> 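Quick one: this structure, given as structure tokens, is what I'll be asking you about.
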Amino acid sequence: MKYASVIVDVPAMQTDRAFDYKVPEEWQKLVKPGMRVIVPFGPRKVQGFIIQLKDHSDYKRLKSITELVDLTPCLTNELLQLGQWLTETTLCFKISAFQAMLPAAMKAKYEKVLGLLTNDVGVLPESIRPFFEKRHHVDLKEIQDVVPLSEIQKEMNKGHLEMIYQVKQKTNRKTIKVIKCSESFSKLTKMLAEIPANAKKQIEIVEYFIKNKISEIPLHVLLSETGTSDASVKSLITKGFLFEEMKEVYRDPYEDRHFEKTLPLALNKEQKDAIDPIIHSIKENHHDVFLMYGVTGSGKTEVYLQSIEEVLKVGKEAIVLVPEISLTPQMVHRFKGRFGSKVAVLHSGLSTGEKYDEWRKIHRKEVQLVVGARSAIFAPFENLGMVIIDEEHESSYKQEENPRYHARDVAIYRAKLHNCPVVLGSATPTLESFARSKKGVYKLLTLKERVNKREMPKVEIIDMREELRSGNRSMFSRSLLDKLTDRLQKGEQSVLLLNKRGYSSFVMCRDCGYVNGCPHCDISLTYHRRGQQLKCHYCGYEEVMPSRCPECNSEHIRFFGTGTQKVEEELVKVLPEARVIRMDVDTTGKKGAHEKLLTKFGQKQADILLGTQMIAKGLDFPDVTLVGVLTADTMLNLPDFRASEKTFQLLTQVSGRAGRHELPGEVVIQTYTPEHYSIELASQYDYDAFYLQEMHLRKSHDYPPYFYIVLLTISHPDITKVISVTEEIAIFLRRNLGNETRILGPVASPIPRIKDRYRYQCMVKYKREKNLHETLQKILEHYQQEMSSNDLMISIDLSPNTLM
DNA sequence: AGCACGCCGACT
DNA sequence: GTCGGCGTGCTC
């Protein structure tokens, strides 16, 4: 007899352990750890993952596995182990760890159906009867709004009805009908004579098969190619010429795209020096973490591509992480162009089904390379030869919900197991990574030269206070305007970046200073021109823009701050002849809208690309010779110890967008704090100086990389409850952690209320703390009950990206 | 998380 | 006396 330990799909502390089940005789030989199963759990059925098989269980009253969902395990042994590690390092539930590793399509869906147990519908009360007149099964959803649950329960007790718990899959495999020939072509040719002469279409179809030597074709293709209808096909099937079959297909998002095959480029000296140690690691099966610090345009991607080639040569697989890849179709092109069908692509722009299909290509070993966003780090490769993380500094590699993992940490963990290298690439590495490379923990590879030998574009910093003093009240400095005009005349393109993070357009009364805030969150509402609406970006609350101040009834209520829409309007006023493409959440909402806008810009159908952060990444257009940053310092005032670092990164990245090709580029940075070191040093492309200065600051304030931090955020609808719990937690932390560890708080969160829940936080700063995980675990256990019954929430982030 | 069980208040 | 409120505890 075999027994299976199963982690069930019930994310709660009390169920966060394995439950044992009997494996029915017929599956004894089939079951393997890592498979999904459906098991009875209490009165219902749930999905779960087998984490272990054993010959013995201590538990007496075991139930049996109801169903095997997978025929081959969807989690490899390595991923099972990785799940355990994730649980421990991020303090998440085991089930959440496993689910994070798989595409959303593989998460189960639960439905309840009422089944009729009696042959006489007449015994049912009038309210329920109509539902069962024609059917024996009715979705509970359908009936529960009309009939009170108690009534249904009564019938169940009487034995008239039963509750059936169903576990369904979210997405099914996509199948299409294909038509095949029943006979050989020569036989078909002879058989043609049997078709009546008036059945022209049927003859046409059979001839199509013979002429094109096709023995199998999807039905819809056959119909459109031959211009026939399925009636003719049907009759050919009954006559025995053809037969139909269901065939599983992949939903390929890049189906209709052609990728030009590219060949490896010759590497320059710096690139060779960088790739040699990587190749050495690959060949020697050695685990190393490389930090490839290369200025924008220094040809990092080519180094990636050629190292991957080495990985594939030795028969291994590679993972490439890119930040939110849908933004950089150019990147997909480069990988698909070099490696063709060996590549799977995983990113948020794909539908659930498409992601599932890409994942299955990996699972079935049909691809050796995956290019994707954060979660692609869990690709079920078993022979991993390298992980590349491009734009290593990007904050999107950290998941901001449970499990709060950082893809970089997962990459290093996996690479250690596989004895293979990790390559972190960036023009602006995180301080953490650069510090590690200085200590020799990571190996530093430096690319200082741009491949085209072009100088980095010249950067001009404009002091907007100065502009204001000399009477320029517009959002464009005179210099920026001059340069835009100049580009327009020369037929060159410009990119304008509106750095909006933490600064959006809010509505304020000029008379009394009243600001429209969200009634559920302590945050001001954001003005949206579409429909003159005010929206809360945290809870989705909406209201119509008032014409008078709700407080003092004044009519002088206006929106402040600068949205892309407003910039666009101004731009049209000052440069009426310019063709502008605006990219922001409003214009890129629809799937593929992004790419369309970028393609349009690439084809020079516009002169100026105006957008938010999203345009800073990876764009590469030959005719862009001017980059303007409208307000460089909006981020600097956020309560975030990484604010300077992020500003520096953004400015450096965006400057790299100009003059990447033949034409020299120029950058204009507008700011109200030109003296800030992150702005000044970004304009000089002086990462090293920035690193030193910022490290100095981090050191004096006990921030990473000198200290690790943990952020505990406690929330509850009742503010006194939040404060008292946070205080208790702070006291507990102080009592249990070492005296070199600093505990800050309780303080109100930077956003003190979201969705009617008050938020307080506590910060732990530590260097070495062996009791940390244990102590945090104890806190979670202690408040477990209140968290499930009393609306209390405690979230713990063991290495927060921001403190918001 | 669900769901059952169980123990107290307001109704037939 | 019963229906139904939600606190408590269990799920292999």
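Quick note on labels: first sequence line is chain A, next is B, and so on, each numbered from 1. Everything numeric in this text was worked out from a predicted model, so none of it was measured.
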> For the pair made of CZ in A/F19 and P in C/dC10, what is the distance, rounded to whole Å?
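It works out to 12 Å between those atoms.
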> Classify the nucleic acid contact of A/K45 as base, sugar-phosphate or nothing, counting any heavy atom under 4.0 Å across all strands shown.
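Nothing, no nucleic acid heavy atom in range.
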> Assign the ring pair A/Y397 / A/H406 to parallel, tilted or perpendicular, where the plane angle (0 to 90°) is split at 30° and 60°.
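Plane angle between 30° and 60°, so tilted.
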> In terms of ring plane angle, is the pair A/F49 and A/F98 parallel, tilted or perpendicular, where the classes change at 30° and 60°?
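Judged by the thresholds at 30° and 60°, the geometry between A/F49 and A/F98 is tilted.
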> Write down the distance between CD (A/Q785) and C1' (B/dA1), rounded to a whole number of angstrom.
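It is 15 Å, rounded to the nearest whole Å.
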> Rounded to whole angstroms, how far apart are CD on A/E786 and P on C/dG7?
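The distance from CD of A/E786 to P of C/dG7 comes to 13 Å, rounded to the nearest Å.
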> Touch check for A/Y21, heavy atoms < 4.0 angstrom, all strands: base, sugar-phosphate only, or nothing?
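Sugar-phosphate, backbone atoms only, no base.
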> Return whichever of A/S57 or A/K154 has its heavy-atom-nearest nucleotide of DNA chain C closer to the 5' end.
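Result of the comparison: A/K154.
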> Any side-chain N or O of A/Y110 less than 4.0 Å from the OP1 or OP2 oxygen of B/dA1?
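Checking B/dA1 against A/Y110, no side-chain N or O comes under 4.0 Å of OP1 or OP2.
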> Grab the CE-P distance between A/M787 and B/dA1 for me, whole Å please.
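Computing the A/M787:CE to B/dA1:P distance gives 9 Å.
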> Taking only side-chain nitrogens and oxygens of A/K112, does any of them come within less than 4.0 Å of OP1 or OP2 of B/dG2?
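For A/K112, the contact criterion (side-chain N or O under 4.0 Å from OP1 or OP2 of B/dG2) is not met.
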> A/N157 CG to C/dC3 C1': how many Å, rounded?
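After rounding, the reported distance stands at 14 Å.
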> Please check if any side-chain donor atom of A/T76 sits under 3.5 Å from a side-chain acceptor atom of A/E382, or the reverse.
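Their side chains do not contain a donor-acceptor pair, so the 3.5 Å distance test is not met.
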> Between B/dG2 and A/R44, is there an OP1 or OP2 to side-chain N/O distance shorter than 4.0 Å?
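Affirmative; the distance criterion is met.
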> Roughly how far, to the nearest 0.5 Å, is CG of A/L772 from CG of A/N736?
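Going from CG on A/N736 over to CG on A/L772, the span is 11.0 Å.
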> Report the distance from atom CG of A/L149 to atom C1' of B/dC3, rounded to the nearest whole Å.
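One finds 11 Å between C1' of B/dC3 and CG of A/L149, rounded.
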> With a 4.0 Å cut-off on heavy atoms, is A/Y165 in touch with a base, just the backbone sugar-phosphate, or nothing at all?
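Sugar-phosphate: the residue A/Y165, judged by heavy atoms under 4.0 Å, touches backbone atoms but no base.
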> For the side chain of A/T15, starting at C-beta, report the closest nucleotide among B/dC3, C/dC12, B/dA1.
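Of all the options, the side chain of A/T15 is nearest to B/dA1.
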> Once you round it to whole Å, what is the distance between C1' of B/dG2 and CZ of A/F93?
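Those two atoms, CZ and C1', are 15 Å apart.
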> How long is the line joining NZ of A/K2 and C1' of C/dC12, in whole Å?
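One finds 19 Å between C1' of C/dC12 and NZ of A/K2, rounded.
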> Ring-on-base stacking between A/F41 and C/dT11, under 5.5 Å between centres and under 30° between planes: is it there?
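A/F41 ring centre within cut-off of C/dT11 base, planes near parallel; stacks.
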> May I ask you to check whether A/Y405 and A/F378 place their ring centres under 6.0 Å from each other?
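Yes, the ring centres sit under 6.0 Å apart.
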> Nearest to the side chain of A/Q14, which nucleotide is it out of C/dC10, B/dC3, C/dG4?
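My answer, after comparing the listed nucleotides, is C/dC10.
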